[in-house]
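Hydrogens, waters and symmetry mates play no part in the numbers below; they use all other heavy atoms, side chains included. Per chain, numbering begins at 1; letters A, B, ... match sequence-line order.
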Protein chains: 2
Amino acid sequence: MLKKERHSLIIKQVNLHNKVLSADLALQLNVSEDTIRRDLNEMDEAGEIVKVHGGALSRSYHYPFKYSDVYAADAKKKIAHKAISLIKDGMVILTGGGTTMIEMVGMLPKTLSATIFTISPLVALQLADHPLITVILIGGQFSKNSQVCVGPQVTGYLNEIRFDFCFLGTNGISLSDGVTDSDLDIVQVKKSMIRSSNKLAVMCIAEKLNSSQRIRVCELSQISCLITDLDPTDQILQAYSRENIQLY
Amino acid sequence: MLKKERHSLIIKQVNLHNKVLSADLALQLNVSEDTIRRDLNEMDEAGEIVKVHGGALSRSYHYPFKYSDVYAADAKKKIAHKAISLIKDGMVILTGGGTTMIEMVGMLPKTLSATIFTISPLVALQLADHPLITVILIGGQFSKNSQVCVGPQVTGYLNEIRFDFCFLGTNGISLSDGVTDSDLDIVQVKKSMIRSSNKLAVMCIAEKLNSSQRIRVCELSQISCLITDLDPTDQILQAYSRENIQLY
DNA sequence: TCGAAACCTGCAATAAAATGCAATAAATTT
DNA sequence: AAATTTATTGCATTTTATTGCAGGTTTCGA
C-alpha cells in the first residue's frame, strides 16, 4: 500500500463521513496508528483535512461557516462600514456571500429602506429582523463549499433583472489578472451578477490585494468601487485608482 | 465521539435554538455534564458561543434566559427520527421550514443519497456538510416571520417540477378543517408544494393536534402520512387513521 | 434566605500523541 | 549491479489530552 494511495482513501472517508478515527483507519488500512497519525498530520499541513485528537475532520465540518470568521474580523468590520455608506434609500442591490457581506448587512441602519437580492441564505437570514429591507433570495443549486446558490437557475434569473449596485467579496484581485476566484460555479454566477448591475463594488481585505486565484471573474475596468480596510490614500491602492476605480 | 465533533454538533444546536442547556447536551451526546461544561468553556474562549450559567447562547443572539424555559426539542426529535425512515435512496424531496424540519435534515444518515428541494435557507445550510445530498434552494421573497421563501416566484417554480415526497410541518391540523396555517403567503406556497408532490407527509407535535389556524392549507384526504411524537396506536390519532392517513 | 442545581478544582484512569530509534523499503548515485 | 542515501514504517517510551468523579463552592430562583 502506497502512502499516496492511503491518503486518497483517507480523503474519501473524510468526505463521506466528515470524520475519521485514527484507530479505525489503522485497522482498515492495515497499518499502525502511528502511520495514520503521520498521514493525518501531513494532510493537515497540506490543508486537506483538519487533524484533531483522536482522528481528523473535514475542513467544512470543523469550521462551521458562521463562526469561522473570527479571522480578520476587524478588517471586515471596517470594510462593511464603508460599504454601507454607498447604499442609499430605495436602491435595488445584489449581493454575493461571504463573511464580510454578512457583517455588512448586519450593520445596515434600521432606517434604511432598500431591496436586496442575494444568492446567500446567510445574508437573507441576517436581514430577517430588518424592518424596512425587502429580501429576495435567489434560488438554485446550493454550493456546499461557499454556501451560496449557483448554477444555471441563478444565472438565468439574473438575466431578467437590472440592479443598481452589485456587492461582491473576493479572495483575489490584482492589477494583472483583475478579480479572480477559485471555484468555477461561483465565477459563472459572479459574472452574471456583474453583467446585470449598473455598478460593481468589490470588497477585499488588504492581505488579499495583489493576489490571484485560478479563474478570472472580471477586469479591473468593470469595477466601480474598491472597498478595503486600508485608508484610500494608502500607497498599495493607488495603482487601482489609476484604473478609474473609486477607492473606499 | 471526537471532542471537536462534539463542538461542531453543539454549534449546530446553538445556531438552531439560540440556546442550549448543558444537561440536554450531556444526554444527547452521551457524555458527562462536566465534559459539556469544559466544551462550552473552550468554545466560549474561542468566541464561538457565549457560555452562561446552565448552558450557552449563540453569540449573535444572547438574551438572558431562565431555567424555566426549556425548549421542547424532544418531541421534535422523535418526529424527525420517524420522518427519516420514510426517505429512501434516490428520492427527490421537497421540504418546508421550521425547527422540526431542520432537526430532521440534520439527522439524515451520511450514507443517504437524495435530492432535496427546499424553501428554507436554514434547511439548506444544515445540509451543507452532508456528503451525498444535493440541495436545491428555491428562491423568492424571503419571509421574515417564517424564514422561508414565498411568493409567485416560488409557486411558479414549483409548477415546473414533480417531487416524490413533500414534507411539511404545521401549526394546525384538525378533523374538521384539515391542515391550517396563519400566514397567507405561506399557505399559498404550501398549496403549490402539495400540488407538485406525489405524497405528502405532515409533521405535527402532539399539542398542535386538533387545533386550527385561520387559513386552510389542504384537506386531510391529501395527506399520505402523519408524523407525530405520539405512538401511532394512540387514541387521539385513530380518527386520522380513518381518513386513510398512514400514521407514524 | 434557603435548597437545589450548576459550577469549579484536583485527581486518577484511560487513550492518544510525540519522540527517538531501528529495521526495512525505495530511490539515487556510482 | 552495488553502494549510498533517503523515506517509510513499527515499536518502546515519555508526554500530553480527555474524561468522569469526588469534594467543596457559587449561583439561581422562589
Using whole Å, what does the distance between atom [atom2] of nucleotide [N] and atom [atom1] of [X] come to?
X	N	atom1	atom2	result
B:K4	D:dT19	NZ	P	11 Å
A:L29	D:dT9	CG	C1'	14 Å
A:L40	D:dT9	CG	P	13 Å
A:D39	D:dT9	CG	P	7 Å
B:I36	C:dC8	CD1	P	14 Å
B:E33	D:dG23	CD	C1'	17 Å
A:H53	D:dT15	NE2	P	17 Å
A:L27	C:dA16	CG	P	13 Å

Salt bridge (charged side-chain N to carboxylate O under 4.0 Å, His left out) against [X], all qualifying residues, sequence neighbours excluded:
X	value
B:R214	none
A:D185	none
B:K4	none
A:K3	A:E42

Main-chain N/O of A:H7 paired to A:D39 side chain as donor or acceptor, under 3.5 Å =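 No; zero donor-acceptor contacts below 3.5 Å.
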
For DNA chain D, the residues among residues 9-25 of chain A that have a non-hydrogen atom under 4.0 Å from it |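 Within this stretch, nothing sits under 4.0 Å of the strand.
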
Excluding sequence neighbours, so at least two apart, what forms ring pair (Phe, Tyr, Trp, His ring centres under 6.0 Å) with A:F142?
->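 Here no residue qualifies.
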
By ring pair (Phe, Tyr, Trp, His ring centres under 6.0 Å), which residues pair with B:F165, not counting sequence neighbours?
->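 If we apply the ring pair (Phe, Tyr, Trp, His ring centres under 6.0 Å) test to B:F165, skipping adjacent residues, the hits are B:F167.
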
Nucleotide nearest A:T35 when distance is taken to its side chain, options D:dT19, D:dG10, C:dA6 |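 That would be D:dG10.
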
Check nucleotides 18-24 of chain C for protein N or O atoms closer than 3.5 Å to its own N or O atoms and list the pairs.
unit_1, atom_1, unit_2, atom_2, d
C:dA18, OP2, A:N41, ND2, 3.4

When you check the phosphate oxygens OP1 and OP2 of D:dT19, does a side-chain N or O of B:S32 lie under 4.0 Å from one of them?
->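 Result: no.
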
Listed once per pair and sorted, the salt bridge (Lys or Arg N to Asp or Glu O under 4.0 Å) pairs that draw on residues 82-100 of chain B, sequence neighbours left out |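 Output for this query is empty, none listed.
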
Once you build an axis from the first five pairs and another from the last five of the helix from C:dT1-D:dA30 to C:dT30-D:dA1, how far apart in angle are they, to 10 degrees?
->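 Roughly 50° between the end axes, to the nearest 10°.
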
Please check if any side-chain donor atom of B:K208 sits under 3.5 Å from a side-chain acceptor atom of B:N171, or the reverse.
->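 A donor-acceptor contact under 3.5 Å links the two side chains.
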
For A:S120, all residues meeting side chain to side chain contact (heavy atoms under 4.5 Å, CB included), sequence neighbours excluded |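 Expected list: A:T118, A:L122, A:V123, A:V148.
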
Sort and list the pairs that fulfil side chain to side chain donor-acceptor pair (under 3.5 Å) and have at least one residue in residues 16-26 of chain A, not counting sequence neighbours.
->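 Qualifying pairs: A:N18-A:S58, A:K19-B:E5.
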
